[in-house]
Protein chains: 2
Amino acid sequence: MFATPSKRSGKAGRYHHGELRAALVDATIKLIAEHGVRGFSLAEASRRVGVTVAAPYRHFADRDELLAAVAVRALEVFVAMVAGDTTDTDPPAQRLAAMTRAYVRFAAEQRPLFETVFHAGLDKSRYPDLKRAYEPVDALFLSAVNEICEGDAAAADALAAVLEANAHGHAALLLDGEYGEGSDAVRAAADQAARASQALIDGRNALHG
Amino acid sequence: MFATPSKRSGKAGRYHHGELRAALVDATIKLIAEHGVRGFSLAEASRRVGVTVAAPYRHFADRDELLAAVAVRALEVFVAMVAGDTTDTDPPAQRLAAMTRAYVRFAAEQRPLFETVFHAGLDKSRYPDLKRAYEPVDALFLSAVNEICEGDAAAADALAAVLEANAHGHAALLLDGEYGEGSDAVRAAADQAARASQALIDGRNALHG
DNA sequence: GTCTATACCCGGATAGAC
DNA sequence: GTCTATCCGGGTATAGAC
């Protein structure tokens with residue numbers, strides 16, 4: 001249509017060769033940040049990177065496979081954030097509160113990543129990498145909880161599960177706007193979630209059914 | 001294309017006149033049940049009902065307005081379910097456990113409705129009906145919690161908020177497959193959420209920040 | 001490993017007839 | 001209040017050239 005259509009046409013056409021896979025993952029993250037998971041399309045990601053819509057199919061079987069790759073990277077960031085805020089010397093309850101806070105903050109500060117993991121509707125049985133990438137989260141909670149429920153593995157499992165559900169619930173409702181918008185809302189939700197984690201620890205005797 | 005294309009062509013073409021709005025809401029719910037919120041389209045809903053794609057625009061300004069109508073109906077069912085499982089004579093902690101259970105069961109048994117409310121990405125400022133339709137949920141939790149935190153309104157607000165987040169977290173993780181699939185998973189998630197609500201009540205002293 | 005080109009299907013939305 | 005017809009845009013995916 002146009003004369004000499006450069007392969008670098010478009011503002012973001014800085015991609016050259018050899019890293020298309022990674023470049024697509026990056027572009028997808030930005031795309032989801034702007035238009036949400038629903039608004040993502042393989043076609044637009046291709047345009048952003050500066051390749052044609054056919055190129056991605058050398059690296060991903062289909063659209064969902066790219067989304068799954070994004071979700072795996074998202075979980076790496078998630079795990080780093082949940083793990084990073086704590087030091088092993090802190091008492092376990094304090095570490096769990098910090099992890100809960102980090103969980104909620106991740107949802108707010110990395111909303112596109114959070115949504116890709118939890119709202120993209122990816123078939124987990126099709127992407128076992130996804131399940132594996134989530135396991136460290138369980139492990140982190142369990143490790144701290146085990147110091148509280150010494151010896152009682154069943155009690156530890158139960159407590160860890162409700163602590164994760166507590167963090168997740170606060171994160172989800174925060175993104176849904178239940179706590180308002182802005183950084184005040186994030187702080188409020190994170191604080192409340194952290195306090196709730198302490199309440200769950202204190203009241204953990206009620207978890208035995 | 002075909003001779004005498006009846007206005008009732010198609011398997012589901014039982015719609016006649018005068019209730020297109022309601023018929024579209026019904027069809028949308030079924031559609032979301034089959035293809036998820038993401039897979040919904042106004043066009044297919046129209047086909048199901050047996051009208052052309054133009055007809056809905058007499059009743060809804062656009063696609064999102066139909067989704068919002070579905071969400072409002074969903075919240076009515078939600079409220080009925082959360083309220084319905086309790087009797088006022090039960091002690092408040094028991095009612096809160098039942099409400100929590102109902103919250104989780106609603107997510108599982110009415111998954112399309114739950115997803116429409118929480119995952120459709122509707123702009124709540126554009127649909128004030130949505131916010132209003134959710135208020136009874138808060139009111140139900142608060143009413144039971146007030147019997148526990150007699151007099152202390154701030155404590156009641158905090159406890160109600162974490163109880164709702166607890167229920168929501170379990171519901172969301174259940175739909176995400178964290179508790180497995182099937183009715184066993186639903187029961188497990190609901191039981192765990194109910195026990196966690198008791199733990200939160202027992203440990204509520206930690207909620208004061 | 002990427003491009004060109006294309007086939008194919010779908011959705012949202014509107015104008016104008018009835 | 002619904003239909004017919006249509007415009008317009010967009011996405012997925014593939015074949016074949018380079």
Side-chain angles (χ1 to χ4, degrees), chain A residues 1-10 12-25 27-28 31-32 34-70 120-123 126, chain B residues 1-10 12-25 27-28 31-32 34-70 120-123 126:
Chain A
M1 225 33 126
F2 303 105
T4 66
S6 154
K7 97 165 54 163
R8 307 269 200 82
S9 67
R14 268 128 198 62
Y15 170 75
H16 227 312
H17 227 228
E19 287 150 342
L20 181 51
R21 188 187 162 95
L24 281 169
V25 171
T28 301
L31 212 50
I32 293 178
E34 294 167 27
H35 307 312
V37 196
R38 305 154 66 201
F40 157 77
S41 82
L42 192 54
E44 186 160 355
S46 308
R47 267 178 249 126
R48 295 274 183 112
V49 171
V51 299
T52 62
V53 294
Y57 290 90
R58 285 284 138 182
H59 302 273
F60 302 99
D62 56 26
R63 179 203 134 98
D64 273 15
E65 212 169 284
L66 170 52
L67 273 180
V70 172
L122 292 168
D123 182 358
R126 199 181 145 193
Chain B
M1 227 31 130
F2 301 107
T4 66
S6 154
K7 99 167 50 165
R8 310 268 200 83
S9 69
R14 269 130 199 62
Y15 170 75
H16 226 309
H17 226 229
E19 287 150 344
L20 180 53
R21 188 188 161 93
L24 280 169
V25 171
T28 301
L31 211 49
I32 293 176
E34 293 167 29
H35 307 312
V37 196
R38 303 154 62 202
F40 157 76
S41 81
L42 191 55
E44 186 160 354
S46 308
R47 267 178 248 125
R48 294 276 182 110
V49 171
V51 298
T52 61
V53 294
Y57 289 91
R58 285 285 138 181
H59 301 273
F60 302 99
D62 56 26
R63 177 204 137 98
D64 274 14
E65 212 169 283
L66 170 53
L67 274 180
V70 171
L122 291 168
D123 181 359
R126 198 182 146 192

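Proteins get letters first, then strands, A, B, ... in listed order; numbering begins at 1 in each.
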| field | Spacing of L31(B) atom CG relative to dG11(C) atom P, expressed in whole Å | value | 9 Å
| note | Out of dG11(D), dC3(C), dT4(D), minimum distance to the side chain of E44(A) belongs to dG11(D)
| request: Using the side-chain contact (heavy atoms from CB on, under 4.5 Å) rule, take F60(A) and L42(A) through it: C-alpha gap first, then chi angles, then the decisive distance, then the call. | output: CA-CA 10 Å; F60(A) 302 99; L42(A) 192 54; 5.8 Å; no
| dG12(C) C1' sits how many Å from L67(B) CG, rounded? | 13 Å
| message | Using a 4.0 Å heavy-atom cut-off, does A54(B) contact any base of the nucleic acid, only the sugar-phosphate backbone, or nothing at all? | response | base
| query | Starting at CD of E19(B) and ending at P of dG1(D), how long is that distance when rounded to a whole Å? | reply | 13 Å
| query | Of the nucleotides dG11(D), dG12(C), dC3(C), which one has an atom closest to the side chain of R47(A)? | reply | dG11(D)
| note | From CD of E65(A) across to P of dT12(D) the rounded distance in Å is 14 Å
| Between dA15(C), dG11(C), dA13(C), which nucleotide has the shortest distance from any of its atoms to the side chain of D62(B)? | dA13(C)
| Over how many whole Å does the gap from H59(B) atom NE2 to dC3(D) atom P extend? | 10 Å
| Whether R38(B) side chain and V37(A) backbone form a donor-acceptor pair below 3.5 Å | no
| Which one, dC3(D), dA13(D), dG1(D), comes nearest to the side chain of T52(B)? | dC3(D)
| task | Would you please test D123(B) and D64(B) for side-chain contact (heavy atoms from CB on, under 4.5 Å) and show each step? | result | CA-CA 9 Å; D123(B) 181 359; D64(B) 274 14; over 6 Å; no
| note | Here the distance between atom C1' of dC3(C) and atom CZ of R58(A), to the nearest Å, is 12 Å
| field | Residue S41(B), side-chain heavy atoms: nucleotide from dG12(C), dA15(C), dG11(D) that is nearest | value | dG12(C)
| How is R63(B) classified with respect to the nucleic acid when contacts are heavy atoms under 4.0 Å: base, sugar-phosphate, or nothing? | sugar-phosphate
| query | Side chain of R126(A), backbone of E65(A): donor and acceptor closer than 3.5 Å? | reply | no
| remark: From the candidates dT12(D), dT2(C), dG12(C), the one with an atom nearest any side-chain atom of Y57(A) is dT12(D)
| task | To the nearest Å, give me how far apart CZ (F60(B)) and P (dT2(D)) are. | result | 11 Å
| task | Among dG11(C), dG12(C), dT2(D), find the nucleotide with the atom closest to the side chain of L20(B). | result | dT2(D)
| request: Please report the shortest heavy-atom distance between L20(A) and P56(A), naming the atom on each side. | output: CD2-N, 4.4 Å
| field | Nucleotide dG10(D), atom P - distance to CZ of R48(A) in whole Å | value | 13 Å
